[in-house]
Amino acid sequence: MKRSLSLLIPVFFFGCVLSQKSLTETEKDRAVRIGDAAVMKLMRELKTNLGMALKEGGFPKAIDFCADKAQKLTQKVNRELVVVKVKRVSDRYRNPTDKPDTLDLKVINYFKEKLREGKLPPYYIVESEKNGERVVIYYKPIRVAPFCLNCHGDPARMNPEVLRVLKERYPNDKALGYRPGDLRGVFKVVIPEKELKEG
Ligand code: HEC
């Protein structure tokens, strides 16, 4: 019994959940191109606005900015992208909107395992279904840089004003205590499969 179970789990994991079998190489290439473009667009939007808020009032001000604007900017980018959807997801989310679903969590755990082995891939593609439609999901890992620790680091070393604002805005914050290099989460880009077909 034990033996057959341990055989089943990997098959389920790779054969079913993280399936990308039916995609041709061209379709995979397209998914990567579309995924990267969406990630860049969201990243640029968030970075530019965070930079402006930091200049204006340092980290406490920038947190107010993130809390007010991160989701709105994400929605704006998605309106511009029209059919493709992009968002950030984390297993240790600060904003509950960024909570992962079962598939997200499997991919995050896969990235974490690869990171531990020193073999973190630049992205991962999975086929799935959303509202009855075939989709391809492009995931890109997000890692912690030293700069991020100002708002995601060890609370004992963080600015008390920053911590105060965070506590007020996010009473159930899970996104503290990171170290540089950690996996902070993923960009998730959902692409309708028909966007990848020829012609
Ligand atoms: C000025 C403070 C600040 C800095 C600096 C900062 N973050 Fe955040 N981060 C936040 C806030 C606030 C949120 C929640 C935004 C929201 O409500 O959508 C957040 C959310 C996120 C999320 C979305 C998942 C979640 O937990 O909701 C990711 C991923 C993330 N940050 C990664 C980073 C990375 C990587 C860096 C460094 C490059 C960074 N952050 C730097 C304040 C910051």
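Every number for a ligand or one of its atoms is a count from 1 in the order of the listing. Throughout, residue positions are numbered sequentially from 1 according to the sequence presented.
Residue-to-ligand polar distances place Arg94 within reach of ligand 1: an N/O pair is separated by less than 3.5 Å. For ligand 1, one of its N or O atoms has an N or O atom of Arg184 under 3.5 Å away. Considering backbone and side-chain N/O of Asn150, none are found under 3.5 Å from N/O of ligand 1. Checked by distance only, ligand 1 and Ser90 stay at 3.5 Å or farther apart across all their nitrogen or oxygen atoms.
In summary, the atoms of ligand 1 found under 4.0 Å from a heavy atom of Cys151, numbered by their order in the structure, are 1 (C), 2 (C), 3 (C), 4 (C), 5 (C), 42 (C), 43 (C). For ligand 1 and Ile142, the ligand atoms under 4.0 Å from any heavy atom of the residue are 29 (C), 35 (C). Listed by number with element, the atoms of ligand 1 under 4.0 angstrom from any heavy atom of Tyr93 are 25 (C), 26 (O). Below 4.0 Å from some heavy atom of Arg143 lie the following atoms of ligand 1, by number and element: 35 (C). Residue Ala70 approaches ligand 1 through these ligand atoms, each under 4.0 Å from one of its heavy atoms: 15 (C), 16 (C), 18 (O).
Scanning the protein for heavy atoms near atom 30 (C) of ligand 1, the closest one is Arg88 NH1, 3.4 Å. Shortest contact from atom 18 (O) of ligand 1 to any protein heavy atom: Gln71 NE2, 2.7 Å. In terms of protein heavy-atom proximity, atom 38 (C) of ligand 1 is closest to Cys148 SG, 2.7 Å. Atom 14 (C) of ligand 1 has Tyr170 OH, 3.4 Å as its closest protein atom, hydrogens excluded (heavy atom only). Nearest to atom 12 (C) of ligand 1 among the protein's heavy atoms is Cys66 CB, 3.4 Å. From the protein, the heavy atom lying nearest to atom 23 (C) of ligand 1 is Asp98 OD2, 3.4 Å.
Taking 4.5 Å as the limit, some side-chain heavy atom of Lys188 sits within range of a side-chain heavy atom of Ile137. Taking 4.5 Å as the limit, every side-chain heavy atom of Leu46 sits out of range of all side-chain heavy atoms of Phe65. Ile142 is not listed as a side-chain neighbour of Leu183, based on a closest heavy-atom distance of 4.5 Å or more.
Judged by distance alone, the side chain of Glu27 and the main-chain N or O of Thr24 form a donor-acceptor pair under 3.5 Å. For Lys87 (side chain) and Thr97 (main-chain N/O), a donor-acceptor pair under 3.5 Å exists by modelled atom type. A donor-acceptor pair under 3.5 Å is formed between the side chain of Lys85 and the backbone N or O of Val82.
The shortest separation from a heavy atom of Val144 to ligand 1 is not under 4.0 Å, leaving the residue out of contact. Within the 4.0 Å heavy-atom shell around ligand 1 one does not find Gly185.
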So Tyr138 and Asp36, side chain to side chain donor-acceptor pair (under 3.5 Å) or not? Walk me through it.
-> CA-CA 8 Å; Tyr138 172 89; Asp36 270 337; 2.5 Å; yes
From CA spacing to verdict: side chain to side chain donor-acceptor pair (under 3.5 Å), Thr74, Arg88 | CA-CA 9 Å; Thr74 304; Arg88 299 184 300 173; 5.6 Å; no
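Cluster membership for Tyr93 and Tyr178, using ILVMFWY side-chain heavy atoms within less than 4.5 angstrom, is not shared.
Inclusion of His152 in the first shell of atom 8 (Fe) of ligand 1 is supported: an N, O or S atom falls under 2.8 Å.
Checking Val190, Ile34, Asn78 one by one against Val84, the side-chain contact (heavy atoms from CB on, under 4.5 Å) holds for a single residue, Ile34.
Other residues, nucleotides and ligands place no more than 12 heavy atoms under 6.0 Å from the NZ atom of Lys61.
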